[in-house]
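Comments concern the structure below.
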Amino acid sequence: MGLPSDNIKQGIARAPHRSLLKALGLNDGDLRKPFIGVANSFNEVIPGHLHLRQIAAAVKDGIWAAGGVPFEFGGIGICDGLAMNHEGMNFSLASRELIADEIEAMARAHAFDGLVLIPNCDKIIPGMVMGALRVNIPAIVASGGPMLAGELEGEKIDLNSVFEAVGAALTGKISEERLARIESCACPGCGSCAGLFTANSMNCLTEALGLALPGNGTIPAVDAARIRLARRAGGRAVELVGEDLKPRDIVTQTAIGNALAVDSSMGCSTNTVLHLAAVAHEAGLDFNLASVNEVTARTPHLCSLRPAGSYHMEDLNRAGGVQALMKVLLDAGKIDGSAATVSGLSIAEQVKDARVLDADVIRAVDAAYHPTGGLAVLSGNLAPNGAVVKESAVLPEMLKHRGRASVFEAEQDLVQAIEQGAIAPGTVVVIRYQGPKGGPGMPEMLTPTSAIAGAGLDSEVALITDGRFSGATRGASIGHLSPEAFAGGPIALVEDGDEIEIDIPGRKINLLVDNEELKRRAAVWQPREPRYRTGLLSRYIKLVQGAETGAVTG
């Protein structure tokens with residue numbers, strides 16, 4: 001059977017196509033080789049992407065050496081840190097769909113035989129994976145790797161340290177001079193931010209899904225091993241074409257289950273639930289939020305990385321990385337070793353020789369940080385379709401909480417209230433109209449959650465929203481409430497002073513207002529006009545589905 005690229009290089013009618021290919025510098029011999037698209041999301045905006053030209057060069061070297069022809073093309077990427085707490089954050093999740101569309105368009109328009117995906121941060125990783133699943137030609141992920149942790153006065157710090165220092169500075173707990181020192185030391189160079197935030201969570205899960213080679217999630221961006229890995233990924237892309245091993249052969253229901261188990265054992269970002277749901281959708285697989293609790297219930301929490309713990313990604317890499325963690329889970333019967341990977345080996349074969357090199361960074365099952373996993377899905381009359389919390393990052397005293405609601409409809413108003421000391425201990429802060437349609441784009445809430453933590457209120461204040469939280473968020477921060485306020489979900493009916501009960505171990509979140517009163521409020525509730533009437537976000541609002549679906553658009 002011929003290659004897809006034969007459609008642009010074989011036969012008399014394709015002479016114009018060959019002429020254009022030769023204009024790129026290719027010769028007749030090259031036209032007999034597999035064509036591999038290299039999707040490089042390099043830009044000079046995101047620190048995690050600043051070095052991706054070097055990664056792409058190594059990938060292309062690997063492709064040439066293995067007998068393929070690389071075709072590099074660019075892709076957009078939004079830095080969630082820079083987009084945080086202003087209009088920019090409305091575009092972040094929406095960009096995931098654009099990235100998936102771009103992969104589909106470039107691969108199909110140019111008849112590529114295979115793909116190497118070079119993402120590194122937040123929405124770029126799932127967006128590229130979604131596009132590859134849609135096209136379903138052989139593909140492999142070769143990410144840029146995590147940033148090293150910063151250091152100040154002998155203490156390891158990261159970007160989340162800066163956000164929390166803002167809260168401390170706003171409430172007078174530290175000086176502005178101290179804040180300036182922290183901001184100058186927290187991010188020492190290129191790579192995805194150093195903790196187990198969304199970017200690193202997703203890069204680790206590409207290994208668990210079988211779409212990346214061992215080390216993809218943890219080898220630091222500045223390590224030469226990252227270049228060697230990229231070169232191997234390029235060579236492996238050519239081999240995958242020969243083997244006809246495609247993303248949908250790898251991302252099966254079993255692989256999704258494995259990824260959820262690894263996610264739970266690590267205590268990854270709540271955003272992984274959103275992205276795994278979207279990945280499953282593109283693969284034509286079932287995904288429901290109830291499955292998250294089922295996997296979490298049987299999976300111990302074995303890694304405690306920032307923001308929940310004190311370790312960083314460089315520590316996880318030193319301890320044996322994702323492969324060592326999966327070996328622990330496999331030996332305990334928590335994952336299925338038969339799942340395929342882009343290495344050509346099964347998960348069981350691939351992790352056979354993996355070893356844990358630091359038993360505190362990756363704990364044994366009988367010494368787990370918690371007996372169950374790091375994520376939890378809550379439901380109740382406030383979130384009939386579910387809500388998500390990073391349970392492993394919640395202080396024990398906040399696992400069960402009852403408090404009076406303080407309702408906000410703008411993130412900036414909440415930050416101002418924190419600065420003014422207007423958030424009383426015991427409060428349940430509600431930020432609404434932040435969902436997929438209402439935000440739009442489910443803007444992340446790292447600024448207020450970090451301000452709450454920095455002000456020392458994370459042991460007394462809970463925050464709930466129909467938007468999202470950054471992977472760097474810690475505390476009783478419950479997001480993805482669905483249905484969202486824009487769709488008339490119960491969160492739209494909450495009033496200041498209402499009592500809200502949160503029971504994370506019981507997986508419940510309820511508004512303690514009687515049904516007759518809720519019916520009265522629902523009868524007078526009025527839908528809001530969309531915030532955007534033209535452009536990208538106008539289209540997004542019309543197409544996007546609820547958070548429980550992964551906020552997919554098709």
| message | Under a 3.5 Å cutoff, is there a donor and acceptor pairing between the side chains of Arg306 and Ser161? | response | yes
| query | Can you check side chain to side chain donor-acceptor pair (under 3.5 Å) on Tyr311 and Asp360, steps first, answer last? | reply | CA-CA 10 Å; Tyr311 291 116; Asp360 194 50; 2.6 Å; yes
Enumerate donor-acceptor pairs with a distance under 3.5 Å from any side-chain N or O in residues 536-546 to protein atoms, sequence neighbours excluded.
unit_1 : atom_1 : unit_2 : atom_2 : d
Ser538 : OG     : Arg533 : O      : 3.2

| task | Say whether, by atom type as modelled, one donor and one acceptor occur between the side chain of His401 and the main chain of Gly426 under 3.5 angstrom. | result | yes
| task | Write down the atom of Ile491, the atom of Ala485, and the distance for their closest heavy-atom approach. | result | CG2-N, 3.5 Å
| message | Does any part of the side chain of Met313, heavy atoms only, come nearer than 4.5 Å to the side chain of Cys204, both counted from C-beta? | response | yes
| task | For the pair Arg432 and Glu484, find out whether any cationic side-chain nitrogen is under 4.0 Å from an anionic carboxylate oxygen. | result | no
| With distance as the sole criterion, is a donor-acceptor pair present between the side chains of Ser264 and Thr296 under 3.5 Å? | yes
| said: I'd like to know if the side chain of Asp158 pairs up with that of His312 as donor and acceptor (distance under 3.5 Å, no hydrogens or angles considered). | reply: yes
| message | Between Arg402 and Asp503, does any NZ, NE, NH1 or NH2 come within less than 4.0 Å of an OD or OE carboxylate oxygen? | response | no
| message | Going by side-chain hydrogen bond (donor to acceptor under 3.5 Å, both in side chains), name the pairs with one or both residues in residues 194-207, residues two or more places apart or in two chains. | response | Asn120-Asn203, Ser143-Asn203, Ser192-Asn200, Thr198-Ser269, Thr198-Asn271, Thr206-Asn216, Glu207-Gln323
| said: Taking atom CD as the centre, does Glu155 end up with more than 12 heavy-atom neighbours from other residues, nucleotides or ligands that are less than 6.0 angstrom away? | reply: no
| Is a side-chain donor-acceptor pair under 3.5 Å present for Ser482 with Glu548? | yes
| said: Tell me whether the count of non-hydrogen atoms from other residues, nucleotides or ligands lying under 6.0 Å of CD in Glu397 goes above 12. | reply: yes
| Donor-acceptor contact below 3.5 Å, side chain Lys390 vs main chain Gly267 | yes
| query | What's the shortest heavy-atom distance between Gly550 and Arg96, and which atoms? | reply | O-NH2, 2.7 Å
| query | Cut-off 3.5 Å, side chains only: do His51 and Arg226 have a donor facing an acceptor? | reply | no
| task | Mind checking ring pair (Phe, Tyr, Trp, His ring centres under 6.0 Å) for Tyr369 and listing every partner two or more places apart, or none if nothing turns up? | result | His301
| request: For Met89 and Arg468, run side-chain contact (heavy atoms from CB on, under 4.5 Å): C-alpha distance rounded to whole Å, both residues' side-chain angles, the deciding distance at 0.1 Å, then the answer. | output: CA-CA 11 Å; Met89 184 47 69; Arg468 298 181 294 127; 3.9 Å; yes
